[in-house]
Amino acid sequence: MPSPSVPRHPALTLSTIALLTLPPLLWAGNAIVGRVAAPWIPPITFNLLRWVLAALLLAPLGGWILRRGSPVWGDWRRYLLLGSLAVAGYNMLQYLALHTSSPLNVTLVASSMPVWMMLVGRLFFGAPVQRPQLGGAVLSLAGVLVVLSQGSWANLMQLRFVPGDAWMLAAAFTWSCYSWLLTRHDEDPRVRADWAAFLLAQTVFGLLTAGVLTAGEWTWLTLAAPADMPTRIAWSWPLAAIVLFVAVGPSVLAYRAWGAGVQRAGPTVAGFFTNLTPLFTALMSTLLLGEPPRAYHAVAFVLIVAGIVVSARRA
């Protein structure tokens, strides 16, 4: 997996900032609705249905990639790796985490993403860790802690972690590997030039892994039937709406924006934008409860944005 050279990326522009802000917003919504759906559907099955629907939505746009003679078949190992990491791995781990952890806790643990981005880049891609990136990580994590503590140190001391948080740590590492692999243009240029075809190729091969994992999940549910996991799908209109939302927003739209943003800014800088997710999650949860935003939300926003700005500086 090592790369002979580390790609250089231009400074952030408004369009790049917009591309990298949209995914955290959609992923915050994904964490909330994923928690709502947890009692209705097993997590790995939920992930499979999400991406099956996403593949159907992408097929009219990039379906040529699946025809005989398509360049995707010669690079099938790359797409299987990308799909297994992003389509099957990251999302499956997140939904598993949401069965025992709250949306805010899940997105808080995911705020370790900048650290994972730097470690994966340094260990496997030869990317040096620069002082601005370390400073940005400190500022961004401080902003996340402000959200979690609601501006009170006593609240922070009462934080309790659960098994789902460990699943989310694994998810953050998986997403970091995926993001760095996006910087390697090892596939046919015609595929990378067509975002829908590129994402559909990842989705189709990722569904192979997701299908195997889903079969394992149902075997496990049949044999073990854990008390905290649904053993059947409780279909309803709210669940159908949730599946549609996660297929369109956090899947197709967010992955399209993230892929384009990573190409522009690089994985390390892009990773700092994921720290907006806990802030968006807290705001959405607050609005759903009918409570107005608080002053600490503004403080957290300033710290997280400061982390992004500092990390984007060239050493």
Side-chain angles (χ1 to χ4, degrees), residues 14-38 43 46-47 49-58 61 85-95 97-98 102-111 113-114 117 140 144 147 168 171-172 174-176 178-179 182 195-196 198-200 202-203 206 238-265 267 269-288 297 300-301 304-305 308:
L14 287 178
S15 60
T16 303
I17 291 172
L19 283 172
L20 291 173
T21 301
L22 179 62
L25 179 62
L26 292 171
W27 291 334
N30 180 50
I32 291 174
V33 301
R35 179 63 173 173
V36 172
F46 182 35
N47 184 55
L49 292 179
R50 164 188 176 174
W51 285 103
V52 166
L53 183 53
L56 294 175
L57 295 172
L58 288 166
L61 301 174
L85 287 172
V87 172
Y90 174 77
N91 292 281
M92 175 199 71
L93 292 168
Q94 184 184 46
Y95 290 138
L98 286 166
S102 68
L104 188 54
N105 249 46
V106 164
T107 53
L108 169 75
V109 175
S111 68
M113 194 77 71
M117 289 288 189
S140 251
V144 173
V147 172
M168 201 59 214
T174 300
W175 187 255
S176 300
Y178 168 75
S179 297
L182 287 180
W195 73 268
F198 186 49
L199 181 53
L200 179 60
Q202 299 174 57
T203 302
L239 178 58
I242 287 174
V243 173
L244 179 61
F245 166 72
V246 297
V248 176
S251 300
V252 176
L253 296 181
Y255 275 60
R256 161 57 174 159
W258 182 260
V262 167
Q263 291 301 308
R264 293 189 185 188
V269 172
F272 285 92
F273 280 82
T274 62
N275 279 3
L276 290 170
T277 306
L279 177 63
F280 290 149
T281 303
L283 289 173
M284 288 181 182
S285 299
T286 298
L287 292 174
L288 289 174
H297 288 132
F301 180 76
I304 292 172
V305 170
I308 293 170

- Residues which pass side-chain contact (heavy atoms from CB on, under 4.5 Å) with T203, listed by chain and number, not counting sequence neighbours: W51, A55, L58, V87, L199, L207

- Indicate the atoms forming the closest heavy-atom contact of L98 with A38, along with that distance. O-CB, 4.3 Å

- Item | A54 to V252 - nearest heavy-atom pair and separation | CB-CG2, 4.0 Å

- Taking atom CG of L61 and atom CZ of R256, what is their separation to the nearest 0.5 Å? 11.0 Å

- Task: Kindly indicate, with the supporting measurements, whether the criterion side-chain contact (heavy atoms from CB on, under 4.5 Å) is fulfilled by L19 and F273.
- Result: CA-CA 10 Å; L19 283 172; F273 280 82; over 6 Å; no

- Between A88 and G206, the two heavy atoms sitting closest are CB-O, 3.8 Å

- Message: The criterion is side-chain contact (heavy atoms from CB on, under 4.5 Å); which residues satisfy it with A28, sequence neighbours excluded?
- Response: T277, F280, T281, M284

- Between T274 and W27, does any side-chain donor sit less than 3.5 Å from a side-chain acceptor? no

- Item | Qualifying residues under side-chain contact (heavy atoms from CB on, under 4.5 Å), relative to L85, sequence neighbours excluded | L81, T174, C177, Y178, L181

- Are any non-hydrogen side-chain atoms of L26 and W258 less than 4.5 angstrom apart? no

Donor-acceptor contacts, no H, no angles, side chain residues 238-250, under 3.5 Å, sequence neighbours left out:
none

- Hits for ring pair (Phe, Tyr, Trp, His ring centres under 6.0 Å) against F46, two or more places apart or cross-chain, chain-then-number order -> Y95

- Task: Classify the ring geometry between Y90 and W175 as parallel (under 30°), tilted (30 to 60°) or perpendicular (over 60°).
- Result: tilted

- If every non-hydrogen atom of S15 is compared with every non-hydrogen atom of R264, which pair is closest and at what distance? OG-NH1, 2.6 Å

- Item | Partners meeting side-chain contact (heavy atoms from CB on, under 4.5 Å) with A172 (sequence neighbours left out) | S112, M113, W116

- Note on the structure: Nearest heavy-atom contact between A265 and L20 is CB-CD1, 4.0 Å

- Query: To the nearest 0.5 Å, what is the distance between CG (L200) and CG (L57)?
  - Reply: 10.5 Å

- Which residues satisfy the side chain to side chain donor-acceptor pair (under 3.5 Å) test with T21, sequence neighbours excluded? none

